[in-house]
Amino acid sequence: MDTAIFFRVWRFIRIPLGIILIFFIGLVIYRMPVVIEKQKTEEAVLRIHAQKITLDDVMGTKLPPEPNRELNDSTIEGIDANQNGIRDDVELAIFKLYPDSARIRAAELQYAMALEMEMMSNVFNSKTLVAVLQEKSRASLCVTNTGLKVSLADNNETINKAFAITDARKLEVENLVFNTDERRSKRQEIREKYMTSYGDIVGPECDINPTSLPN
């Protein structure tokens, strides 16, 4: 008797249950790309914020050889033989510009790393671009800290001179990093595609505390 009742009930509910199951499977399949994209984004943002220059980078412990210019400029990424996140030609140029100042090298290398991340494959949506731009803001402030020390008590000429020095340092790094039409276009393309509003992150501006460096 119980078995007969069960089969009658089953015949009645099996179609609705089947529809519900199909709907659930469809929902899972539909949501899967979204979940994967979210996880991929979170991992990329963590990698971006985790990428820092090291003391070895600043002191030139593992400087790369001079790259072949034609080969280096044949791709957006260029050559990074020592794999520290800074293109070799940019890294070597900063060392040539500031052989006697580890503090300026540290700030400019950090700025270069952040700028280069704007063109790389780890920027694929607005959240990853924001993470890169936040690191760029940190690095920009770090470069600013390498300038003359001024206060509101100083006159405008002194303040403007201090900012002009650090603005020039940022510009020279930007010119080194975005040295081809392809690299400039790639940066512009990414910004136009993914740019959104964002805020800066809390924390120290410099990857390496300038006061810990000898000069």
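Note that the structure is a prediction, hence the values are computed from the model and not measured.
- Distance CG/Asp57 to CD1/Ile208: 7.0 Å, rounded to 0.5 Å.
- Smallest separation of non-hydrogen atoms from Arg184 and Phe178: NH1-O, 2.9 Å.
- Side chain of Glu205 to backbone of Val143: no donor-acceptor contact under 3.5 angstrom is found.
- For Ser185 (side chain) and Glu182 (main-chain N/O), no donor-acceptor pair under 3.5 Å exists by modelled atom type.
- One side chain, Lys170 or Thr144, offers a donor N or O that lies under 3.5 Å from an acceptor on the other.
- Side-chain contact between Pro64 and Leu92 is present, with heavy atoms from C-beta onward closer than 4.5 Å.
- For Arg187 and Glu118, the salt-bridge test passes: some basic side-chain N is under 4.0 Å from an acidic carboxylate O.
- Across all non-hydrogen atoms, the minimal contact from Leu213 to Ala106 is CD1-CB, 3.8 Å.
- Taking the side chain as every heavy atom from C-beta outward, Glu108 and Glu172 approach each other to under 4.5 Å.
- Cluster note: Val130 groups with Ile48, Met117, Val123, Leu129, Val132, Leu133, Ile190, Tyr194, Met195, Tyr198 through ILVMFWY side-chain heavy atoms spaced under 4.5 Å, whether in direct contact or through intervening members.
- Grouping the Ile, Leu, Val, Met, Phe, Trp and Tyr side chains by contacts below 4.5 angstrom, directly or via other members, places Met59 with Ile94.
- Between Ile79 and Pro67 the shortest heavy-atom distance is CD1-CB, 4.0 Å.
- One N or O on the side chain of Arg138 and one on the backbone of Pro204 form a donor-acceptor pair closer than 3.5 Å.
- Formation of a donor-acceptor pair under 3.5 Å by the Asp73 side chain with backbone atoms of Thr180 is not found in this model.
- Formation of a donor-acceptor pair under 3.5 Å by the Asn122 side chain with backbone atoms of Ala44 is not found in this model.
- Distance alone, capped at 3.5 Å, places no donor-acceptor pair between the Arg105 side chain and the Phe95 backbone.
- Within the 3.5 Å criterion, the main-chain N or O of Phe124 finds no donor-acceptor partner in the side chain of Lys127.
- No cation-pi contact links Lys136 to Tyr111, judged by a cut-off of 6.0 Å to the six-membered ring centre and 45° from its axis.
- Without hydrogens or angle criteria, Glu116 side chain to Val177 main chain gives no donor-acceptor distance under 3.5 Å.
- Using a distance-only test at 3.5 Å, with no hydrogens or angles considered, a donor-acceptor pair links the side chain of Asp88 to the main chain of Ala81.
- Within the 3.5 Å criterion, the main-chain N or O of Asp80 finds no donor-acceptor partner in the side chain of Arg87.
- In this structure, a donor-acceptor pair under 3.5 Å is absent between the side chains of Asp56 and Thr54.
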